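Throughout, protein chains are lettered first and strands after them, A, B, ... in sequence-line order, and every chain is numbered starting at 1. This is a predicted model, so every value here is computed, not measured. Computed from heavy atoms alone, side chains included, the values below leave out hydrogens, waters and symmetry copies.
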Amino acid sequence: MGRLFDFMLPEAKSPTADSTDALFHFINEVSFILLLGITIAIIFFAIKYRRKSDDDVTPVIKHNNALEITWSVIPLILSLIVFAWGYSGYLNLKSVPDDAYEIKVNAFKWGWNFEYSNGAISPAELHVPAGRPIKLVMQSRDIIHSFFVPEYRIKQDVLPNRYTYVWFSANEPGESHIFCAEYCGTDHSGMLAKVIAHEPDDFDTWLTTSNTGASDDPVEHGKSLLTLNGCQSCHSVDGSKGIGPTLKGIWGHDVTLSNGSTVTVDENYIRESILDPQAKIVKGFELVPMTSFMGILDDKEIDSIIEYIKTLK
Amino acid sequence: MANHSSAQTTLHEHHFVDTDHQFDAAKLGMWVFIVNEILFFGGLFCAYIIFRAWYPDLFQQAAYQLNAVLGGINTLVLIASSFTVAMAIRSAQTDNQKGLRNHLLFTIILAFVFLIIKAFEYNHKFELGLFPGAYYNPAPEVLEHLNHPKANIFFSIYYMLTGVHAIHILIGIGLLISLYIRAGRGRFSSKFYNPVEIVGLYWHLVDLIWIFLFPLLYLIE
Amino acid sequence: MNTSAHDHHISTVKQLFLVAMGLTFLTFLTVFMAKVIVLPEPFGIIVALTIALAKAFLVGAFFMNLYWDTKFHVLLLVGSFLFFFLMVGVTLLDTLYRDDAIPSF
Amino acid sequence: MTTAEATKVKSLKVQRFQPSDNPTKNFLTEEKGVWAWMTTVDHKKIGIMYLVAVTFFFAIGGFLAVLLRTKLLSGSSISFIDANQYNQLFTLHGAIMVFFVLVPSIPAALGNFILPLQLGAKDVAFPKLNLGSFYIYVIGAIFTFIAIAANGLDTGWTFYTPYSSESGTSVLLVTFGVFILGFSSILTGTNFITTIHKLRAPGMTWGKMPLNVWALYATSIIQVLATPVLAITLVLLMMERVLGIGIFDSALGGDPVLFQHFFWFYSHPAVYIMIVPAFGIMSEVITTFSRKTIFGYWAIALSSLAIAFVGFLVWGHHMFTSGQSPIATTVFSFLTFLVGIPTGMKILNWLATLYKGSIKLDTPMLYALSFLFIFSIGGFTGITLGALSVDIHVHDTYYVVAHFHYVMMGGTLIALLAGLHYWWPKITGKMYNETLGKIGSALIFIGFNVTFLPQFVMGSQGMPRRYYNYIDQFAPFHIASTIGSYILSVGFLLILYYLLHSLWKGKRAPANPWGSRALEWQTTSPPPLHNFEHSPVVINEPYDYHRPMEEFQLGIALDQGEDSDHTEKEKV
Ligand code: HEA
Ligand code: HEA
Ligand code: CUA
Ligand SMILES: [Cu+2]
């Protein structure tokens, strides 16, 4: 649109962004004018009224009601405008259209996955049909995260004890960044994902062909569970040390715990490590605690994970 | 409050005009401090109100576990102690040294009575496994009346409110004992009783807070 | 600031005793109202808090001498109570009106 | 003798006392030695000890900031610090700057020194308590440093639960340290309120108090009302970790958003604890260097109280995206804008004070003028943040980081520098090198804007805060910002150098180098142990620059019987 502060905002890709941007520009332009006025006044006064001699006498001007009322009322009016404008934009952001397509968002340290009505789960990529309102129903597994897409001008914290909602609609097919905007520990800055907006038809094809996570082979199933649940943001499967110990080659071996004792990695130990990670803490990994997956992974899934870990030699 | 010790010699410090001026200042200081205490407890009461508004049934069920008789007795004990403190101030104002010492002593004894009763209450709760938050582990007989997923939070709030209050009682006992010792040395008189008055204010505040705690925690039906 | 500190009020024993009796009476009253005449909510809590405020008034005015003290100290006490209510009130604006109350789990 | 009952005194024997430019004795020469300093109850020495401590912590906080900025030169994770260390860096930087530097800086360091002088008192109301507050501050600091040495802290300065209930770092010790620190702040506030009520010099009515005193008064009120809530919040957080009380921990059935309410209930007012005293300094410096009566005395005095009051009701503007109810969000947004009005009045009143003044651009004044510019930007961007729909977009991005550096560093810290340069001659009795002072202020001004202007841009482009890594798109802004922080470091080192240099090599400062009318300049530099040789008497308003200096140099004659030529009878 060619406004003065255009360079500050990323491209707008959702219809709700327009009101936000217009307000942003309005505040910036008004502020800019006021600031210019203040700055010019300072410089002008500093030069015009610089001290000429040490016994300059200055006039006594104690107040001026007209002036004072003006400069209280004008800012008041301006801020009321800004309030009302911001409020209407906010209402837009809060009122989800009835025909919105619902997707469930799971946030965890440090990743996202997205669940669709047909059971498909896609990690780190949010696929949506363009041109249709999307409602995200979000929950966190551990602590507070925040779902932020700059190009859609939306942001909403994702809480562990409640569902929160946010909606948007992609104007056109394309990709946008998703950031986690609430500080959540070590890999907060790595908690990225992408929104991928498809043409509606392409979206349907994607949905039907995508992986639902279920698989008959326990090893395969375990492997995909590791990706979907973000285990790999802490555990490598190639032997390198991450935030948590690597899972490669631990099966059947002894590990030293923080209290100095050792245990052998077997089914029960892995099970306990997943459901109650604080019960036995591996030496050297005391600083960042692992989240419990109690209530998130069921017995069958844990069994699959164990099968997969067995294969990591 | 910081300026009592020099009292023996001149009764007031150099930056004040006279003792009255200094008393006034000390009293104002104490009142400002009371404001701060009220907001300190205010935070806890705020948590109480919010959780009570969320889970009214929880508070009804859980209050059953609290012993209203012991709570009531403790209320009376604190009222009595407030009375004795007020009497102590009066004694100082009227140069009644013996009365001053006795009333301070009564107050201290009543404060201990309060704490002992509180200890019995706590002990009973511990036996039933009514610990705060994560350690909440109720005995089976508790579950008959109290079966709420957030019961642990109620007890967290209960222990925080009564615990922080009990700490204030402890601090009060310390202050009262130091007054008692100084009173024994005859430091206070109708000319200089400011410290007694100030500690008295503090003690009344502790009473005041309990006045609200009692119905809010013990008397929910 | 003219503080009337120069004539410190000295309460009589009778005054103090009456106040203590009043407080005792109110304590029994509040227990009676809560345990014997059980009023339906929200009246129960309203009665309980009214009695508590009356007790607070007695303690503040006569034990803490505010009745005879400078107005500024009264302002401090009353002000801090009002302030507390403001804080709670505004917080309740959030906690009571969350569109999606806490899910049960 | 000093008295609050001044109004009762109908007439006093007053006499003109011109302060000597070459005092033989002063508070620095009178009680000497380490022990005397450590046990002093003199508000001036305590103020200086605070100043030294605050400077020390500022250097640490600043050093951490420069380290952090150096890491952000590149957005990759291959770096001299890893992600966990980075998280500790910004946490400690923020916590130190807020709790150890900015909250105590103006009130406890400069305020302690100046407040009794400006009131014409010999000391604060409770001098021992004052020393106590200082030690409480030191103990809090020691706790925090033990914590850092033990395990660090990585929760952000906001300690949000449930992250802080489970983080493996020393949350407990640090919260305890900050809790202790809170008491220092509360006690200082209590002390100041009492002092202002009870220890004003004869003739010093509320309407004749310097605006700096009004600002400190408003600040103290906020300290007394808000800090206890922080204290109880921290107690709950500590109990969360010790006893698992779970009020804020969702894993135990609590509500994490409630913690945010509790935290911001203190921390929003806390930002006014930081900025309101800065406003006080501005009023002093601007009038002195334009030799002119303040424009709108009552507007400035009372708007501090208005800011203090409204400032208590806006805390939820930090929680627009937190899942707080839409009603609360709307109310908070509305109230947020109301704070802008009294603040704006102040800015414009100062501008109007410049009009037709006799302006001298000495170092303190340069800082004051850059304050006007920088703080306005900070304030306007605060309005942007208060606007609901826009804040949804910029919340928790570098836009917020830039906003609060503009107000905290560009506002408070620059005002602190203005005040420090302004009162330096009074505090130390020495003049610093004016040329270096001007160069320093220019470096700070330039360095500051280079550091933080780019952050507005990258923030609104979508760069989240507290990020160890970033995507390439943001690299140019980060690099510019880091370069700016280097310029800032040079500026601060220069200031440090010439101020220290002046202590040993500086020229002797006269009693009143700036020709100010304020009371603190009517005593010697540095002041005597008990501040004034003769209790001052106030008959004029504090900024009556059109009246001759003599009328401001009045004191109560000690020997009332003796009739000297200069003795006059004054109606008070
Ligand atoms: C000294 C500290 C200080 C000060 C003074 C301010 C002042 C203001 N702040 Fe700021 N703020 C912080 C420190 C401060 N802030 C900090 C530390 C944070 C982040 C904390 C964290 O998350 O870590 C923050 C964050 C913050 C947020 C939350 C952002 C987010 O996280 O999403 C908001 C939102 O409303 C906000 C608003 C304001 C407003 C409206 C003012 C107002 O008081 C400004 C008023 C001033 C003016 C408006 C300028 C002068 C006025 C005129 C010249 C008249 C004309 C005026 C108009 C037309 C309106 N601030
Ligand atoms: C008073 C407040 C204050 C001040 C002055 C500063 C000053 C600076 N701050 Fe800070 N900052 C905060 C308060 C402050 N900050 C807060 C509250 C946060 C939020 C933390 C959080 O998210 O939890 C933050 C966060 C923050 C971030 C965001 C980190 C992130 O989100 O990832 C950044 C990044 O650029 C930054 C940079 C800087 C820089 C470059 C300075 C520079 O201005 C520093 C300049 C100072 C120096 C260079 C020191 C100079 C002194 C000397 C050189 C003297 C040497 C003396 C001896 C050796 C004796 N700060
Ligand atoms: Cu998840 Cu930050
Ligand atoms: Cu704020």
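Minimum interatomic distance between D:Ile247 and B:Ser156 (heavy atoms only, all atoms of both residues): CG1-CB, 4.1 Å. Closest non-hydrogen pair, B:Phe33 versus D:Thr190, comes out as N-CG2, 4.3 Å.
Heavy-atom distances place no part of D:Ile221 under 4.5 Å from chain B, backbone and side chain included. Contact annotation for D:Leu252: both backbone and side-chain heavy atoms come within less than 4.5 Å of a heavy atom of chain B. Heavy atoms of D:Leu225 lying under 4.5 Å from chain B belong to its backbone as well as its side chain.
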- Evaluate side chain to side chain contact (heavy atoms under 4.5 Å, CB included) for B:Cys46 paired with D:Phe265, printing each intermediate quantity in order. CA-CA 12 Å; B:Cys46 184; D:Phe265 184 83; over 6 Å; no
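Side-chain contact between D:Asp255 and B:Trp54: present, with at least one pair of heavy atoms (C-beta onward) separated by less than 4.5 Å. Within the 4.5 Å cutoff, the side chain of B:Ile50 has no heavy atoms near those of the D:His261 side chain. B:Phe51 has its side chain within reach of D:Leu258: a pair of non-hydrogen atoms, C-beta onward, lies under 4.5 Å apart.
When the candidates D:Pro228, D:Gly189, D:Ser220, D:Pro116 are compared by the number of heavy-atom contacts under 4.5 Å with chain B, D:Pro228 comes out ahead. Most heavy-atom pairs under 4.5 Å with chain B: of the set D:Thr227, D:Val229, D:Ile186, this distinction falls to D:Ile186. Of the listed residues D:Leu230, D:Ile193, D:Leu187, D:Leu236, the one with more heavy-atom pairs under 4.5 angstrom with chain B than any other is D:Leu236.
Annotation for B:Phe120: atom CZ does not count as buried by contact number, only 12 or fewer foreign heavy atoms lying within 6.0 Å. Within 6.0 Å of CZ in D:Phe312 there are more than 12 heavy atoms belonging to other residues, nucleotides or ligands. The neighbour count for B:Phe126 CZ, taken as heavy atoms of other residues, nucleotides or ligands under 6.0 Å away, is above 12.
Panel note: side chain B:Lys150, backbone D:Gly253; a donor-acceptor pair is recorded below 3.5 Å.
Summarising the geometry, atom CE belonging to B:Met30 is positioned 11.5 Å from atom OG1 belonging to D:Thr194; distances are rounded to the nearest 0.5 Å. The CG atom of B:Asp24 lies 4.0 Å from the NZ atom of D:Lys198; values are rounded to the nearest 0.5 Å.
Contact annotation for residues 34-43 of chain B against chain D (heavy-atom separation below 4.5 Å, listed by residue number): B:Val35, B:Asn36, B:Leu39, B:Phe40, B:Gly43.
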